[in-house]
Amino acid sequence: MAAFRAPPRKGENFELSADLNSEYKEKRKDAIKRVIANMTVQKDVSGLFPDVLKNMQTDDLEQKKLVYLYLMNYAKTQPELVILAVNTFVKDTDDPNPLVRALAIRTMGCLRAEKIIDYLCDPLQKCLRDENPYVRKTAALCVAKLYDLKPELVIENGFLETLQEMIADSNPMVVANTVAALTDIHIAAAAAGSNTEVFVITSAVLNKLLIALNECSEWGRVAILNALGRYETHDDRESEHICERVVPQFQHANASVVLSAIKVIMIHMRSVRSETLTKQLVRKMAPPLVTLLSNPPEVQWVALRDINLLLQKRPDILSNEMRVFFCKYNDPLYVKVEKLDIMVRLAGPNNVDALLSELKEYASEVDVDFVRRSIKAIGQTAIKIDEAAERCVNVLMELIGTRVSYVVQEGVVVMKDIFRKYPSTYEGVIPTLCANLDELDEPEAKASLIWIIGEYANKIDNADELLGIFVDSFTEESYPVQLQTLTAVVKLFLRKPDTSQDVRDRAYIYWRLLSTDPGAAKAVVLAHRPPISLPRTTVSPALLEELLGEIPSLASVYHKPEETFVGRGRIGADAIPKGGSELADDRATAQKAFQTVAAGQQAENLLNFDDPTSNDGQQPTGLAATTVLTSTPAATNLLSGTSSNPLDDLVSIFGNTGIGTNAAPPPTPGQPQTHLNAFGGLSFGGQPMSPAPPMTPSVLQAVSPPPQQQQQQGAQDDLLGLF
Amino acid sequence: MISAFFIFNQKGEVLISRLYRTDLKRSIADVFRIQVISNSDVRSPIITLGSTSFFHVRINNLYIVAVTKCNANAALVFEYCYRFIAIAKSYFGKVDEESVKNNFVLIYELIDEINDFGYPQNSEIDTLKSYITTESVMSTSIPAEESSKITTQATGAISWRRGDVKYKKNEAFVDVVETVNLSMSAKGTILRADVDGHILMRAYLSGTPECKFGLNDKLVIDKNERGIGDAVELDDCRFHQCVRLDEFDSTRTISFIPPDGEFELMKYRSTSNVKLPLRVIPTVNEIGTSQVSYVVTVKTNFSNKLSATNVVIRIPTPLNTTSVDTKVASGKAKYVPAENVVVWKVPRIQGGQEISLSATAHLTSTTHRQVWARPPIDVDFQVLMFTASGLIVRFLKVFEKSNYNSIKWVRYLTKLFIRAGYIYSTPQYDTCLLHVCICGMD
């Protein structure tokens, strides 16, 4: 059969047409197969419609199915010709063979041609009452197909009422498909804005469903469980009854049945009043959840995302099962990442040692992303469990000792969070962190280390030297690093006023420039920050309840309400371009938020900068603020190549004082230059000084005391601190 | 529900395309090709673009893809994809590009039978095979009563079994296959050990037999017969859909009407009192950048009367290995360059015996040192009459109207597959964990 996929020859359709009209049966059948093969690879074979149609009337079931497959694809494009097929279809719905009857009714529902729909109603009416359950179950779904095409026909012919009756069918598969069809129509009607509920689940229906649940196929069980989830109970006894009847489904081999059963329990458990029963239900839920992890990775992933939700509602559900979430060597990354998150959620004083040795192991794996997340998880564990913090720090120090660049950087970031949570506790590790200063090349890691140095400036003998390194490369650094450097320098000054080094001088100047009230500066810069903690939930309580009622749907996997990705009214469709991985990536979101805040700050700072004095507007605007302006003397020198020392450029603002005097025209105090207008009237105290740079907003932000900036600073620290 | 179903090959060519619902165009396949197949960094099995979600499963360089436009049941969609793979395997042996191309007509027939309007339908392999066959079926050649029998079966309460099965000799084979997941500290203390068990049954029984299956399940034994032998504590069980779940839930009896032929009756987990059949102690030294030395010791942990057979140990080597010198006292060891492993085969290890291998891998110098993922060591072997969990089948009773005698065979085939990490002798890894995982045959 591989030959059917041979490359197209000239006039292939012509040849096919000849073969389709061949007098030999086998040749005709082969030709149909070739047509289907071409159709699959999206070649246009619609021109063969009449030829294929001629082969419809046959006793060969396989050939019939192939012709039907063709018809389903092209009926829409050839509506006039489809009418020729109607007779055969209608005749087939009277065939003595139930398979043929079902096939005909199944296919007719899929033909998207107006002309044929009108001929569908009578046979459908008949098939819905067929003596054979296989035909009935196929006909039930056909009603949903018809509703999709022409809802008014379904209503006119009373098919909805027929379906309602069919819920009482003796055959469980018919019941299941009826439920599926009614639910489908119910959703379609709701989406079209219909006010009437198509599928109302009454207590009579409920009993039928509960009976069919134990007997029908796995897929049918999912349909029925979905319907059970929609049922509104009248009292707690009814809820208890449903829970008791659904619990046995936890033992089903199919993960979608298990998860759907968990959904039903989560919904109806809300109105169960008996505490013993609630406890019992929660206890029974744990083993099947764990067993879901022996499924293929994709199913596991869905289960893990749902377990994550369940743990937000009931953190105790799997309290003794952390070990089963340990990553396996061959787990795909998306599974490992979810497992990490769940492990941290389940971590407690009693299992933290096992968790730490496991996380330490992961930190030596190959995938950089996974290693980073593992290190992050160690930090989260330290923040979550006070008594284990020291052990976490020890593990982190061991990891930093490996001197693997990304491990060190992530480790430094995580250590900063630990310092935030436990101030003045693990100062002993600071020298080790500082020893790795050269290894750092990522802004977040640098900013974190600078924050630590600034925070513990009074305990670090050479804090000024260390900060000096960053100060030297100030303008080359990224924005967050600049911010942190400035803050740290000021902290250094406030904490160690006796430092006689240049850093202190600079800090002193800027403090003098921007604040006449050291007390206020202290209040801002050294303010007590709110302690950080791990959020127990990642979604709001209301959304959590909604999502728990939708396990294991896409919404529950994404932890986002359905409206964000389904239907006409969907919002923020562009915000989730990459699906799960992106959604799961809180860090990216945080990063975005960070950028937004930073951008906002830039804009705001610029205003503050200009405000105090009426200025001629030569100040750089927005993001351009960080670039060197040619209007400043030093930059002009640099650009024209006249400066003898490259350090003289604006970069050297915090550089060596000695060089500063060599710089092109040193400003005379009291004779403010354009770019210094902002500081007009302030004394420089006669200190030697290189030309002031076009200051980046961050420079100001870090030391300026207005109250609204204090908040920003807080927000800034929080954002840094959280991740 | 499922709006479309596709199969792509590695290059992104569409091999099978079936639209179940009208909310999608056939060209949606191109979107998947661009977003997933041509994208080297796909980190999620579900991709949502706008309101269209693509679920994909990879097997043998094929992409099995289901597309939805609604808030679909994600677990169901993946279970459906895997069921399709299972059915395809059963029909044409393997699922790869060649078999899909060769059987595309049959595949279309199957995916239309197991899915209607996006809702999965009967997907029991045994039943499907009774009316979807590789030979063409003439509708006239099947008598009407035969086809109504088929349809009754496909929709009936026991959709997994034909009613007219007949055997001269009625037999049932039960295989207990166990998978042990184990992690040990470098000092040899066990951090975690759990068993994933499967009970496979091959039932060749006439008529509609009613079976009852008894295990040394602690919950049952505690309730009924106190003090009988060792009972095993099962953390969780999952059953084939033929098992009556409500009955298990209330009385913990396992009763069912089995499908004809082979099926997986149950899966279980156990974490208490796990007995480990084998221990693997690997020591790996990286000597500079040009050599890696290995010492791998395997110790048995069962009685002298038993033995492990067909032991195959696969020890991974770095990617830039040129040659490996191996030294073994028992069995044969050989370096397989294509797979970057040393394969060590030992036909038999008697209980109480200890064997070891020492090897040195020579590496070529590379300009930049590639990171080596240090994959785990695999050990594959069988021990008869040994279960790691201690599970025993106490009885299998068969009741049928005609009251025939049936012969029942129970095998505790513990075919195992060990995954082991290394104890690294390089300084930073000296306290590293050892992961051993023993899995079932697959």
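A quick note: this is a predicted structure, and the numbers were derived from the prediction, not measured. Proteins get letters first, then strands, A, B, ... in listed order; numbering begins at 1 in each.
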If you count heavy-atom pairs under 4.5 Å between each of A:Asn214, A:Val557, A:Leu259 and chain B, which one has the most? A:Asn214
A:Glu131 portion near chain B, given a 4.5 angstrom heavy-atom threshold: neither
Chain A contact via B:Arg21 - which portion, at a heavy-atom distance below 4.5 Å: side chain
Measure distances from A:Lys145 to the heavy atoms of chain B and classify the residue's part below 4.5 Å as side chain, backbone, both or neither. both
Would you mind telling me which of B:Phe6, B:Phe55, B:Phe117 has the largest number of heavy-atom pairs within less than 4.5 Å of chain A? B:Phe117
Go through the atoms of A:Thr107 and report whether side chain, backbone, both or neither lie under 4.5 Å from a heavy atom of chain B. neither
What I want to check is whether the side chains of A:Asp184 and B:Tyr119 have a donor and an acceptor closer together than 3.5 Å. yes
Can you tell me which of A:Ala555, A:Ser217, A:Ser556 forms the most heavy-atom pairs within a distance under 4.5 Å of chain B? A:Ala555
Kindly compute the distance separating OG (B:Ser44) from OH (A:Tyr334), expressed to the nearest 0.5 Å. 7.5 Å
For B:Tyr20, enumerate each residue passing the ring-ring contact (aromatic ring centres under 6.0 Å, His included) test, keeping only those at least two apart in sequence or located in another chain. none
The test is side-chain contact (heavy atoms from CB on, under 4.5 Å); show your working for A:Glu218 and B:Glu124 and say whether it passes. CA-CA 10 Å; A:Glu218 49 207 318; B:Glu124 282 301 317; 3.9 Å; yes
Please lay out, stage by stage, how B:Arg43 and A:Val337 fare under the test side-chain contact (heavy atoms from CB on, under 4.5 Å). CA-CA 10 Å; B:Arg43 299 209 145 182; A:Val337 167; over 6 Å; no
Between A:Pro296 and B:Val57, is there a side-chain heavy-atom distance shorter than 4.5 Å? no
Show your reasoning for whether side-chain contact (heavy atoms from CB on, under 4.5 Å) applies to B:Arg18 and A:Leu69. CA-CA 9 Å; B:Arg18 177 77 180 91; A:Leu69 189 64; 3.8 Å; yes
Heavy-atom pairs under 4.5 Å with chain A are the metric here; pick the option from B:Glu264, B:Met266, B:Arg83, B:Glu247 that has the most. B:Arg83
Checking A:Ser553 against B:Asn71: is there a side-chain donor and acceptor pair closer than 3.5 Å? yes
Test: B:Asp112 and A:Lys64 ion pair at under 4.0 Å: no
Salt-bridged, A:Arg245 to B:Asp246, with N to O below 4.0 Å? no
Distance, nearest 0.5 Å, that separates OH of A:Tyr558 from OG1 of B:Thr48: 2.5 Å
Heaviest contributor of heavy-atom pairs below 4.5 Å to chain B, chosen from A:Ser256, A:Ala144, A:Cys216, is A:Ser256
Distance-only side-chain donor-acceptor flag, B:Thr22 / A:Asp148, under 3.5 Å: yes
How long is the span from the CG atom in A:Leu99 to the CD atom in B:Glu113, to the nearest 0.5 Å? 7.5 Å
Under 4.5 Å heavy-atom distance to chain A, tell me which part of B:Thr68 shows up: side chain, backbone, both or neither. side chain
Under 4.5 Å heavy-atom distance to chain A, tell me which part of B:Tyr82 shows up: side chain, backbone, both or neither. side chain
Look up atom CG in B:Leu19 and atom CG in A:Asn73, then write down how far apart they are to the nearest 0.5 Å. 7.0 Å
Would you call A:Trp301 and B:Ile46 a side-chain contact if the rule is heavy atoms closer than 4.5 Å? yes
A:Val290 portion near chain B, given a 4.5 angstrom heavy-atom threshold: both
Under 4.0 Å between a side-chain nitrogen and a carboxylate oxygen: does that hold for A:Glu298 and B:Arg58? no
So, does A:Trp219 use its side chain to make a donor-acceptor pair with the main chain of B:Gln121 at under 3.5 Å? yes
Residue from B:Lys267, B:Arg269, B:Arg238 passing side-chain hydrogen bond (donor to acceptor under 3.5 Å, both in side chains) with A:Thr291: B:Arg269
Is A:Lys137 salt-bridged to B:Asp116, cutoff N-O under 4.0 Å? no
Distance-only donor-acceptor check, side chains A:Thr40 and B:Tyr108, under 3.5 Å: yes
Quick check: closest heavy atoms across B:Phe104 and A:Ala37, and the distance to 0.1 Å? CZ-CB, 3.5 Å
Top contributor to chain B contacts, counting heavy-atom pairs under 4.5 Å, from A:Cys142, A:Ala180, A:Pro332: A:Ala180
Option in B:Gly118, B:Ser27, B:Cys237 with maximal non-hydrogen atom pairs under 4.5 Å from chain A: B:Cys237
Pick whichever of A:Ile32, A:Val299, A:Asn254, A:Val222 has the most heavy-atom pairs under 4.5 Å with chain B. A:Asn254
So, for A:Pro288 and B:Asp236, which heavy atoms are closest and what is the spacing to 0.1 Å? CA-OD2, 3.4 Å
Measure from the side-chain N and O atoms of B:Glu79 to the backbone N and O of A:Ala255, and report whether any donor-acceptor pair falls under 3.5 Å. yes
Full working for side-chain contact (heavy atoms from CB on, under 4.5 Å) between A:His252 and B:Leu245: CA-CA 8 Å; A:His252 202 284; B:Leu245 296 181; 4.1 Å; yes
Which region of A:Ala102, side chain (C-beta onward) or backbone (N, CA, C, O), has a non-hydrogen atom less than 4.5 Å from a non-hydrogen atom of chain B, or is it both or neither? neither
Which heavy-atom pair separates B:Cys70 from A:Leu554 by the least distance, and what is that distance? O-CD1, 3.6 Å
Whatever's closer than 4.5 Å to a heavy atom in chain B on A:Leu333 counts as side chain
